[in-house]
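Here the structure is laid out as structure tokens; the discussion comes afterwards.
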Amino acid sequence: MGQFAYFPHTDEDISLMLERIGVGSLDGLYSDVPEDCLFKGVYDLPEAMSEMEVRRHFEALGAKNSKLKIFAGLGAYDHYAPSVIQYIVSRSEFLTAYTPYQCEISQGTLRYIFEYQSMICMLTGLAVSNASLYDGPTAAAEAMRMSVACSPKKKRVLLSAALLPNVLRVVETYARYYGVELTLVEAEGGQTSRAALERELAPGDVAGVIVPGINRYGIVENLEGFADLVHDRKGLLIEYCDPSALAVTKTPAEWGADIAVGDGQSLGIPLCYGGPYVGFMATTDACLRKMPGRIVGQTADKDGKRSYVLTLQAREQHIRREKATSNICSNESLMALFVTVYLSLMGPEGMKRVNDLSYAGAHYLHDRLLSTGKFAEAFDKPFLKEFVLKPLVPADRLQEVLLSGGYFAAVQTEEGYVNFCVTEKRTKAEIDAMVSIIQEAEL
Amino acid sequence: MRYYDKLIFELSKKGRTGFSLPCNEYGRHVSELPSELKRSSSPELPEVSEVDVVRHYTNLSQMNFGVDTGFYPLGSCTMKYNPKINEEIAAMSGFSSLHPLQPACTVQGALEVYEAMDKALSALTGMAAFTLNPCAGAHGELTGLMIMRQYHISRGDFGRTKVIVPDSAHGTNPASAAVCGLEVVVVKSNADGRIDLADLKPLLDDSVAGMMMTNPNTLGLFETEIIRIAEMVHAAGGLLYYDGANMNPLLGKVRPGDMGFDILHLNLHKTFSTPHGGGGPGAGPVGVSEALRDLLPVPKVVREGSALKVVGRAGSGDETPLSAGEVSAFLGNFGIILRAYAYILMLGKENVRMVGPLSVLNANYVKECLKDSYKLPMEGVCKHEFVFDGLIDDGASKAADGQGATTLDVAKRLLDFGFHAPTIYFPLLFHQALMIEPTETESKETLDAFIDVMHRIAAEAAENPAVLREAPHGTPISRPDETTAARKPILKWNG
Amino acid sequence: MSKIVEGLKYSESHEWVKVEGGIAVIGVSDYAQKEMGDITYVDVPEPGDTVEKGVEFGALESVKASSDLFSPVSGTVTEVNEALCDAPELINEDAFANWIIKVEMSDPSELDALMDAAAYSELVGE
């Protein structure tokens, strides 16, 4: 056989091993497979490439993508990731490790997950966090199921219509097959309607309510009194939040939420065309046993050394099978390391600065866009780094002009608004340049 | 490996910073937010310098074992080597800086990767089309079952709510079925460790949505009656689902589509060499037969002439009435798809034919060399993995307290010799199950070293099982107290 | 050798019942406790919940296993042993002294189908 870098076998190795097994040829190892099942054709795949050719191939593919200055949000944010992150997460001891079931040789992974859990609790104010989930929308879907598990006699969950579109859609998919009835709570004036919430809660059949902390319009919602309304009807309040913003905005715990979920991408994870990201989930002590996913706990070894282990595993799929709280096995462990290293570097002051720069840039852009006369205010409500405006010019044309100038901005929403987002990565000069393109364009 | 006892919080000192950010030149400040929307106090995140962070996490990494450290004989986990070129490709800024909602005309290169991966996986599995949206194996499995249900619902056949799962199945199978609103019915294995057709037959009625299988099964045995099983399931109106966790031995040799499977998921972090990352991120693409193509989740990548586009995004107004729905935030774990596609290009159409055979060669070699020391319940050729039912001589007869060494003890003792443990106590069919999967990327020399150690451990057990029961001896920590961890959970740093 | 207490009723799924008036006091047997090993958590219903004979009402968890609890009688839960929430190990210490729930029986005749100590002893082979 030919040589290939990932196969260490020489022809001699293969003969010696076959001899030890007592089989005449490699084909003989498949003698139990019915003839009809063996693939005899030619795979419709390219010929093998050398490493140099592979690199060139991907460089060419990458060159077909446009590198744009990102002024868009809607669930994926172009925050700055300090150099240290990539350096740490590339360490092969983290990157190439398996799930930390053998805790004696996995203390590195276990300890950073414990730190991650602690930091998620610090951001949300809630008592416990799991080791991570896939992404924000699936974390919301898990929370939906968790609320039903906490009150098994109820099969109805409320969703704020102001949640991000992909959050609504993923929760709808999960609910449809799991057999949960969903009702949308309408938004009024850019915020989840309190009156509509009260109305939908009235029958007393609601297990959980999912509301956004910062909604699809970028508005920071005022959730005052929501928790009382939901708790009076014996349901759980679930808040979908941007964890980066939680460094400055009121926490899920302060609003009285029972579960906080969201996407940790805004904490040091590259955009990478939508993944891998990381879903987070935190909850109260009371709901701990119903929380899906892996959890790391602290204990001591035989000699009393502080040690970390996967714990409360009896809730999980490999033990409870069809009675498990979720089918989730792999989490997004390495992405949780991105978040942990990011938050370690930033600390409370850095997180405040990130939000301060994003807020300031977004408000500066907002005002400058309005001054062009090509937009109208959609809502006059508090926002942080992301907002929507009503375009007074054709939105398709607007986005085209911006793309050709090298900007990804003014993403159209279902309602006909356009979305803008500013992070600390954007400079005042970039904002000014983009605004002057809009100003000068014939639209 | 060396024990290191700090948490990042314990390195914190008020006023220290590890970040570097530009100045605010806008004259606006986040303090302008209305006070009723602001948190009452800053989060108590650590305050550490950059060098503190680098040393801390470097120290943590040194308490970890990975594929780059040594051999993982971990059954059903396919811990193969993770090629380094893949990491470089995934980090290329032409991909890593793309926003997921960028218009298709600005991401044609990324969409080409998506399309090429769909085609490559279809060619390798004999399926018609793939979605790459699921983020992990279990997520793919759930997505596949949603497609299964969607198939019956789309035909107005609402009574099919049961799914048949073998007793040897991975624990995720029944869990995924339950999350998808399906009731699990268990089919038994026969004395050969394969599905018992006599037990299966009466289960196949018009309430059955389908059946989930792994092939080879979790005992590493090929389900030789697979064609017959597929016929039986199809005759009953059900669909056959392939759990791709055990795909590696078939790669390049047998295609699930040719065995009659209608839906499958693959684990890119197993069969297609992407790193496990200490438990994710993975990716769990789902493939379907031609008849089920329209049921795949949205958004999906489709070709229109010379251009690729994304259809079925929320708010797009695209009509995709048959689709099972949206299952993840955007188009899945793109960074993982890039890595796996790089691996497929490196392999090419010829080398890929050797992946399965070499993994099966390695497994059978280890099995034959160790069966004189460990109980082998199923004789004959295995596929990529096999199961021992503990030690032949556990040393109980020589031990002062009459206690022999268990499978757990063998696993823990292996850690002292620089090997990861095999999968233990799974499958549940054997009390002392010890499941071994050496992948094709391990050399004969590595396997011989492992075999020597396994023999040495068996000899130690026979002489003095206490050595095993106290193991590991040379790792950063000894066996921790898991009972107290579960009874009195400490799940975060409390200062 | 596990302990079996005379005068109690036993189910095949290893729960014991002590009748106090119309109330069934329910726990798990010493045999079940030994099979589980170190119990780390007891999942119980709330007072006011209804339970049904032969249907699960809770679960015992150990580090690596979970075992459902099945109610030997039907009725309404009147009381739950709160002490087990903080100290599940009490069941390991004495499975008979530490009951799990008390149930007001809706059909006391269901007791007749349960085993006495001698029959249960035979079931667990002791």
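Here is the naming used below: chain letters follow the sequence lines, and residue numbers restart at 1 for every chain. Model, not experiment: these values are computed from the prediction. Basis for what follows: all heavy atoms, side chains included, without hydrogens, waters or symmetry-related copies.
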key: Euclidean distance, B:L60 CG relative to A:E115 CD, rounded to 0.5 Å   =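 So the CD of A:E115 and the CG of B:L60 are separated by 6.0 Å.
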So which part of [X] gets closer than 4.5 Å to some heavy atom of chain B, the side chain, the backbone, both or neither?
X	result
A:L38	both
A:A72	both
A:Y112	both
A:C121	side chain
A:R169	both
A:R306	both
A:E59	both
A:T311	side chain
A:V309	side chain
A:L18	both
A:Y359	side chain

Could you tell me which portion of [X] (side chain, backbone, both or neither) has an atom closer than 4.5 angstrom to a non-hydrogen atom of chain A?
X	answer
B:M146	both
B:P34	side chain
B:E442	backbone
B:K80	neither

message = Cation-pi check for A:Y30 against B:K253: NZ or CZ below 6.0 Å from the six-membered ring centre and within 45 degrees of the axis, yes or no?
response =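 Verdict for A:Y30: a cation-pi partner in B:K253.
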inquiry  = Please identify, among B:A342, B:G282, B:G27, the residue contributing the most non-hydrogen atom pairs under 4.5 Å to chain A.
reply    =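 That would be B:A342.
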inquiry  = Tell me which of these, B:N82, B:V113, B:V54, B:V360, has more heavy-atom pairs under 4.5 Å with chain A than the rest.
reply    =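 When all of B:N82, B:V113, B:V54, B:V360 are compared, B:V360 has the most.
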So which of [options] has the largest heavy-atom pair count under 4.5 angstrom toward chain B?
options	value
A:Y87, A:F94, A:Y80	A:F94
A:T340, A:T173, A:L384, A:L334	A:T173
A:C37, A:G297, A:P82	A:C37

query = Distance only, no hydrogens: is a donor on one side chain within 3.5 Å (strictly under) of an acceptor on the other, for A:K67 and B:S93?
reply =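 Yes, B:S93 and A:K67 have a side-chain donor paired with an acceptor closer than 3.5 Å.
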task = On the 0 to 90° scale, with breaks at 30° and 60°, tag the A:Y273-B:F334 ring pair as parallel, tilted or perpendicular.
result =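 A:Y273 and B:F334: perpendicular rings.
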